[in-house]
K.L.:
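Attaching a single structure in structure tokens format; questions to follow.
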Amino acid sequence: MKAYIIRRLLLMIPTILGITIVCFALVQLIPGGPVEEMIAKVQSAAAAHGGVSASKSISPEQIAQIQSYFGFDKPAWQRYLDWLWNVIHLDLGTSYTYGLPVWDVISSRFPISLAFGLTSFLLSYLVCIPLGLAKAVKNRSLFDKVSSAVIFSGYVMPGYALGILLIIFLSGGSFLDIFPLGGIVSEDFEDLTFTGKIGDVLMHWTLPMVCYMISEFAFLTFLMKNSVLEELGRDYMRTAMAKGLSFRQALVRHALRNALIPIVTRLSEVFTLLFAGALLIEKVFDIDGMGLLYYNSMVNRDYNVVMGVILLSSVLTMFGRLFSDILYTFVDPRIRFN
């Protein structure tokens, strides 16, 4: 196991390097950038003070100074090597938009995405595993058919689209005004009592949490159901019941553990949920987390923040895959990585 983990960790290095090269190249190809943004601001300020003709008054020397300030006076390959050298020294650079170190910008948003990601992840597993188990035991019953219809209706709708509908129907859009429009707490949160703070958090988190869970919820439920059905048809179940175990005992002691093996592979998704999975949902509900930060950074061409988020999400995703493989050995002792 130790040798396998070491090999995987070593393979992460060229993988991360390849990801950063591709992403850096793609980011450079996107029209616009911090230089163009600064030039536009300078021209707008000049136009406001000197008329329309002043908007074209910026000189080539000024443009060269702006390019030098942002480091765009160097070729792309040299900018990438400079960025990579700084990353090796745990320096992700400075945000063009916020004027702060990228580490500070990301760390201020990370706890919010972490809280939403872990909460939705845990709730999904706590509900989907027993629900999938119940659907397998009551396969083709009325309960199975009705629950499948409800789950499928939610699965076909993206989380952000569901969020828009929930806001329209439940947040004062055109119908009910039960939940707040967005954010994670109210403006007067600090003035509330302890009970009031709990209620305020629940009201703000309910709708986003539903959107976080909707797609993963359906996948996990049916994955669990199909896995249990497969195990129920195996010979060892009939052998266990022939030796005197009841169906419930054989299910809990034998089938359930084997059925959980495919579910383990999804545990690595908790790391990716902190980033890409929340992008549009955070935009809809105005949640200032990693997803919204990535979205705004792409819009504002804040390359350092974009590359920082991509780097961290790639590292966490690969560690998630490794974590999932290690869990395999605990769920199924027959698996070895020799």
K.L.:
For Y236 and A255, which heavy atoms make the closest approach, and how far apart are they?
P.N.:
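Here Y236 and A255 meet closest at OH-CA, 3.5 Å.
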
K.L.:
With a 4.5 Å heavy-atom cut-off, do M209 and L123 have their side chains touching?
P.N.:
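M209 reaches L123 side chain to side chain.
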
K.L.:
Side-chain heavy atoms under 4.5 Å apart, restricted to Ile/Leu/Val/Met/Phe/Trp/Tyr: what other residues fall into the cluster of L202, or is it alone?
P.N.:
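Its cluster mates, by chain and number, are F194, I198.
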
K.L.:
For Y295 and E282, does a side-chain donor sit closer than 3.5 Å to a side-chain acceptor?
P.N.:
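No, no side-chain donor-acceptor pair sits under 3.5 Å.
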
K.L.:
Is there side-chain contact between M290 and L114, with heavy atoms separated by less than 4.5 Å?
P.N.:
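The answer is no; the side chains never approach within 4.5 Å.
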
K.L.:
Pair up each side-chain donor or acceptor in residues 98-107 with any protein partner under 3.5 Å, not counting sequence neighbours, and list the distances.
P.N.:
unit_1, atom_1, unit_2, atom_2, d
W103, NE1, L90, O, 2.8
S107, OG, W103, O, 2.8
S107, OG, D104, O, 3.1

K.L.:
In this structure, is the centre-to-centre distance between the rings of F152 and F222 below 6.0 Å?
P.N.:
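Centroid separation for F222 and F152: below 6.0 Å.
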
K.L.:
Should I287 and I184 count as side-chain neighbours, where that means a heavy-atom distance under 4.5 Å?
P.N.:
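Result yes, sub-4.5 Å side-chain heavy-atom pair found.
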
K.L.:
Taking the six-membered ring for Trp, are F116 and W205 parallel (under 30°), tilted (30 to 60°) or perpendicular (over 60°)?
P.N.:
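Parallel, since the angle between the ring planes stays under 30°.
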
K.L.:
Is any side-chain heavy atom of I168 closer than 4.5 Å to one of I164?
P.N.:
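Yes, their side chains come closer than 4.5 Å.
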
K.L.:
Checking the side chain of H254 only, and the main-chain atoms of A250 only, is there a donor and an acceptor separated by less than 3.5 Å?
P.N.:
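No, because the side chain of H254 does not come within donor-acceptor range (under 3.5 Å) of the backbone of A250.
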
K.L.:
Is it true that, when you exclude F143 itself, more than 12 heavy atoms of the residues, nucleotides or ligands shown sit nearer than 6.0 Å to its CZ?
P.N.:
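Enclosed.
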
K.L.:
Does K197 make a cation-pi contact with F189, if we ask for NZ or CZ under 6.0 Å from the ring centre and within 45° of the axis?
P.N.:
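Output yes; distance and angle both within limits.
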
K.L.:
Are there more than 12 heavy atoms of other residues, nucleotides or ligands under 6.0 Å from atom OH of Y160?
P.N.:
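Result for OH/Y160: open.
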
K.L.:
May I ask you to test the N139-L229 pair for a side-chain heavy-atom distance under 4.5 Å?
P.N.:
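Side chain of N139 against side chain of L229, heavy atoms only: contact under 4.5 Å found.
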
K.L.:
Between S147 and K135, do the side chains contain an N or O donor and an N or O acceptor separated by less than 3.5 Å?
P.N.:
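A donor-acceptor contact under 3.5 Å links the two side chains.
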
K.L.:
Distance alone, cut at 3.5 Å: any donor-acceptor contact between the side chains of T119 and Y212?
P.N.:
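No, no side-chain donor-acceptor pair sits under 3.5 Å.
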
K.L.:
Could you check whether any side-chain heavy atom of N304 comes within less than 4.5 Å of a side-chain heavy atom of L92, counting everything from C-beta outward?
P.N.:
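No, their side chains stay 4.5 Å or more apart.
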
K.L.:
Walk me through it: do Y96 and S297 pass the test side-chain hydrogen bond (donor to acceptor under 3.5 Å, both in side chains)?
P.N.:
CA-CA 9 Å; Y96 304 142; S297 299; over 6 Å; no

K.L.:
Listed by chain and number, what are the side-chain contact (heavy atoms from CB on, under 4.5 Å) partners of D286, not counting sequence neighbours?
P.N.:
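In terms of side-chain contact (heavy atoms from CB on, under 4.5 Å), with neighbours along the sequence ignored, D286 is linked to L292.
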
K.L.:
Considering all heavy atoms of both residues, which atom of I214 and which atom of C211 are nearest to each other, and what is their separation?
P.N.:
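What the structure gives for the nearest pair is CG2-O, 3.3 Å.
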
